[in-house]
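The next block holds one structure in the form of structure tokens; read it before the comments.
Numbers restart at 1 for each chain; the letters A, B, ... are given by sequence-line order, proteins then strands. Any value given below was found using the heavy atoms of this structure, including those in side chains, with hydrogens, waters and symmetry copies removed.
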Amino acid sequence: MGTGVLAVLLTTLVAQAQPTSLLSERLAAVAPGDTIRVVGGIYPGPLRITKPVVLLGEQAPVIDGRGQGTVVIIEAPDVVLQGFVIRNSGRSLDRENAGIAVHADRVTIADNRIENVLFGIYLRQADSCRILRNTIEGDPTLDTPRRGDLIRLWYSNNALIQDNTTRYGRDVVIWFARGIVLRGNTIQFGRYGLHFMYSDSSRIERNRMLHNSVGAYLMYSTRLTFRRNLLAYNRHASAIGVGLKDMDEVTFEENVLVDNQIGIFIDNSPRAIDAQIRYLGNVVAYNDIGVQALQDAPRSIFRDNSLLENYEQVDLVGGGRFSEANGTFWERNYWSDYRGYDADRDGYGDVPYRAVALFDALTDRTPAFRLFAFSPAVQALELAARAFPVIRPEPKLIDVAPRMQPLLPEGIPAVPRRPRPVLALGGLALLLIGGLTIGSARLRRLR
Amino acid sequence: MTTTTVRATVSLLARKELHDALRNRWFVLYTVVFAVLALALSWIGLAGGQLYGLAGFGRTTASLINLIMLIVPLMGLTLGALSLALEREQGTLLYILAQPVVPGEVLLGKLLGLAIALTAALSIGFGLSGLLLAWRGSPIGLGAYLGLFGLTILLALLSLSLGILFSSALPRTATALGSALFAWLLLVFLGDLGLLGSALALRISVEQLFTFSLLNPLQVFKVAAILLLRSDLQVLGPAGQYAMHLYGWRLLPLSTSVLLLWTLIPLILAYLFFRRRGAL
């Protein structure tokens, strides 16, 4: 207790002892390569860093942009900026006001809290930078299109972006950047969780993109590894978990796509005639549409995926079927609507899975008929289609030996499910009302 | 006649109707079937939802709505159809009407008694599955759960009043019951299939499709239930988006009033028929 009070007192003293302009003065005074320790305090922005220095913030010193322009501008290479609170940037979209703007190579931005900014961390022609463990929050009062991108890479190669958390931004943008590693980040409540274009040879893994309009839109790039990401609750008008547009050579592996409007959306991928896309061991569950392909998904392998309880498992827009002649293979996936058996007990069904839902065939051609989803009439129609093959449509895909059990990748943290006492009380109340009404009526009759 | 005596008469008749309903084997069967199926569906729906503790509104959860749409109208329609017609055939209706009561009181008493019986039956089914959902930590909140219960009660009342209309208008139990079953078939299957077929043939627009679908009270129930559980209608495709864009959350009071209208109008018609026809 005593030490706590002392610490607070000390912090106040130190903060008061440092005039607000001190930070830029101290910066001017040091030699390149020096380390500056900043203990607490509030400093006005903008702060311009023009020497390769290490800035270490202790006890969360604040750099406040006071709603004007960009707060911290880094123009020298090898700068380290660590442990600061950076807040209140300007709101001008065309001047791209940001929390931190980086225009130099090999800059490290770590453990900062960036709040109430338009853009968050903006790398422009800055190679080999590292963005680590930052928390970045935009301004939730702005409409999403009026917000900025909380992390934005523009012609900045070989960046490592790891363990950051962003909320209430527009997108996380990675454009025209090679060799990016995006790992362990949590991106929530934005427009595009990840807006990824013209960035080859990148690796995106163990990220969580939740509650965005689109989890990740991957476009016009090649040699991408996208694995072990969680994409959930991405819902809005025409929302998707992951979209692939004109992508080549993608390994899309062990991702979990849950409760999005569309799980995986495939548009003209692969584009190159010799490119392939591999979808391996993904879990696609509880989406309105599990996998949606525009017209076709040639040279694509879907293996060991688990398609669980999507209202429509696979949608081929415009109807028709996936063709093995074009190189589309569906192998050993788990289908929650599979009605086959496994007599030889090898873990794979003995009858092929055929995606032949009559209603799906109807809605693929006329999406407006989705209105009749969940109607008993549609169930009756499906039953009739199963019983009388005359009206059964062509299967849009055939999985010759589907899995009997879903294959769930390990190591993705579970969300604990707690019992819900309020709901239990509600249920109990209804049960009591019903029971008592019937009970009392019966008793009275007996008397 | 004073209001007190009216109230006493109605409540007496309602209690008699409640007793009769509880003795009715169909009613007991419906109650048990609904409770068992609701429990089973909630169980299956959540068994899949154990995945990472993330659960959505899968096919199985949707089948709960399906179950309600199948069984609840059947309960209401058959019980309603039997109510007057059976007593008319057995001659007890003549006996009741020989007492100092007016047709309105008899009708109201029947409605109230059956409504209470149906509510009790549904609350047992809902209560059991609610307890299960709570225990397994379902994503459905209390508000949505109670809202769905309320909507289901409305659906039960609606089909009950339709059943009573058949019962008051048609002379024999068999015809009343037959018409009620046909109405059920029409509401649950033929209406939607017909609209699907004509939409295919006539290429009607999304707006028209949505508007026409609302002629079927079951579709109204479905749209409201999905809105409650999901808080949007994306799952219903372009028509759902259109409805959401046009009405938003106003859909809920709107559909509630449509369901109430569907309850009131058949009741008024039933009253007119019953007053004219009496015990014959």
Side-chain angles (χ1 to χ4, degrees), chain A residues 230 232 235-237 239 256 258-259 261 283 285-288 308-311 336-337 362-363 366-381 406 408 412-424 426-435 437-438 441-442 444-445, chain B residues 15 18-19 22 48 50-60 62 65-66 69-70 116 119-124 126-131 133-138 140-142 145-146 149 188-189 191-193 196 199-200 206 209-210 213 219 222 226 232 234-241:
Chain A
L230 170 65
R235 292 195 162 278
H236 267 295
V256 179
V258 177
D259 200 6
Q261 204 189 326
V283 176
Y286 306 111
N287 305 289
D288 296 356
L308 271 151
E309 301 280 328
N310 300 293
Y311 189 74
S336 57
D337 54 339
L362 275 179
T363 53
T366 319
F369 287 166
R370 241 174 248 288
L371 177 61
F372 295 99
F374 312 117
S375 290
V378 166
Q379 248 81 351
L381 210 61
L408 307 179
I412 292 178
V415 182
R417 318 187 109 216
R418 281 182 299 273
R420 306 180 59 135
V422 191
L423 186 58
L428 202 64
L430 282 187
L431 194 60
L432 278 178
I433 291 170
T437 314
I438 289 180
R442 292 229 152 198
R444 221 178 286 146
R445 204 180 73 206
Chain B
R15 256 183 288 155
L18 183 59
H19 287 175
L22 295 182
Q50 296 296 60
L51 172 71
Y52 308 116
L54 302 164
F57 182 82
R59 272 171 190 260
T60 326
I65 293 185
N66 255 315
M69 286 170 74
L70 268 177
I116 291 170
T119 309
L122 291 175
S123 29
I124 287 178
F126 262 82
L128 283 176
S129 57
L131 281 178
L133 291 172
W135 173 49
R136 303 281 299 266
S138 91
I140 299 174
L142 181 69
Y145 169 75
L146 289 181
F149 178 68
V188 173
F189 297 110
D192 286 359
L193 286 181
L196 251 175
L200 260 180
V206 170
L209 188 69
F210 182 73
S213 80
Q219 285 287 345
K222 190 189 81 180
I226 289 175
D232 74 44
Q234 296 291 347
V235 75
L236 296 181
Q241 280 171 20

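- Your options are B:S129, B:S123, B:A120, B:G191, and the one with the most heavy-atom pairs under 4.5 Å with chain A is B:S123.
- Taking CG from B:L131 and CG from A:L428, the interatomic distance works out to 5.5 Å, rounded to the nearest 0.5 Å.
- For B:F149, the part lying near chain A is the side chain, with the backbone staying farther off; criterion is any non-hydrogen pair under 4.5 Å.
- Scanning all heavy atoms of the two residues, the minimum distance from A:A373 to B:K222 falls at O-NZ, 2.8 Å.
- Looking at every heavy atom in both residues, A:P367 comes nearest to B:P238 through O-CD, 3.2 Å.
- For B:I116, the side-chain contact (heavy atoms from CB on, under 4.5 Å) test picks out A:T437, B:L18, with sequence neighbours left out.
- What you find for B:L128 and A:L431 is that their closest heavy atoms are CG-CD1, 3.8 Å.
- Contacts between A:L362 and chain B at a heavy-atom distance below 4.5 Å involve the side chain alone, from C-beta outward.
- Ranked by heavy-atom pairs under 4.5 Å with chain A, the list B:A121, B:G237, B:G240 is led by B:G237.
- Under the side-chain contact (heavy atoms from CB on, under 4.5 Å) criterion, A:P376 pairs with B:N66, B:M69, B:L70, B:V188, B:F189, sequence neighbours left out.
- Residue A:L381 holds its CG atom at 7.0 Å from CG of B:L196, rounded to the nearest 0.5 Å.
- Between A:A377 and B:D192, the shortest heavy-atom distance links the atoms CB-CB, 3.5 Å.
- Here the straight-line distance linking atom CG of B:L122 with atom CG of A:L430 works out to 10.0 Å at 0.5 Å rounding.
- The heavy-atom pair separating B:L209 from A:A368 by the smallest distance is CD2-O, 3.6 Å.
- When every heavy atom of B:A134 is checked against every heavy atom of A:A424, the shortest pair comes out as CB-N, 3.3 Å.
- With rounding to the nearest 0.5 Å, the separation of CG in A:L371 from OG in B:S213 is 4.5 Å.
- A:V422 places none of its side-chain heavy atoms less than 4.5 Å from the side chain of B:Y145.
- Once rounded to the nearest 0.5 Å, the distance linking OH of A:Y311 with CG of B:L236 reads 9.0 Å.
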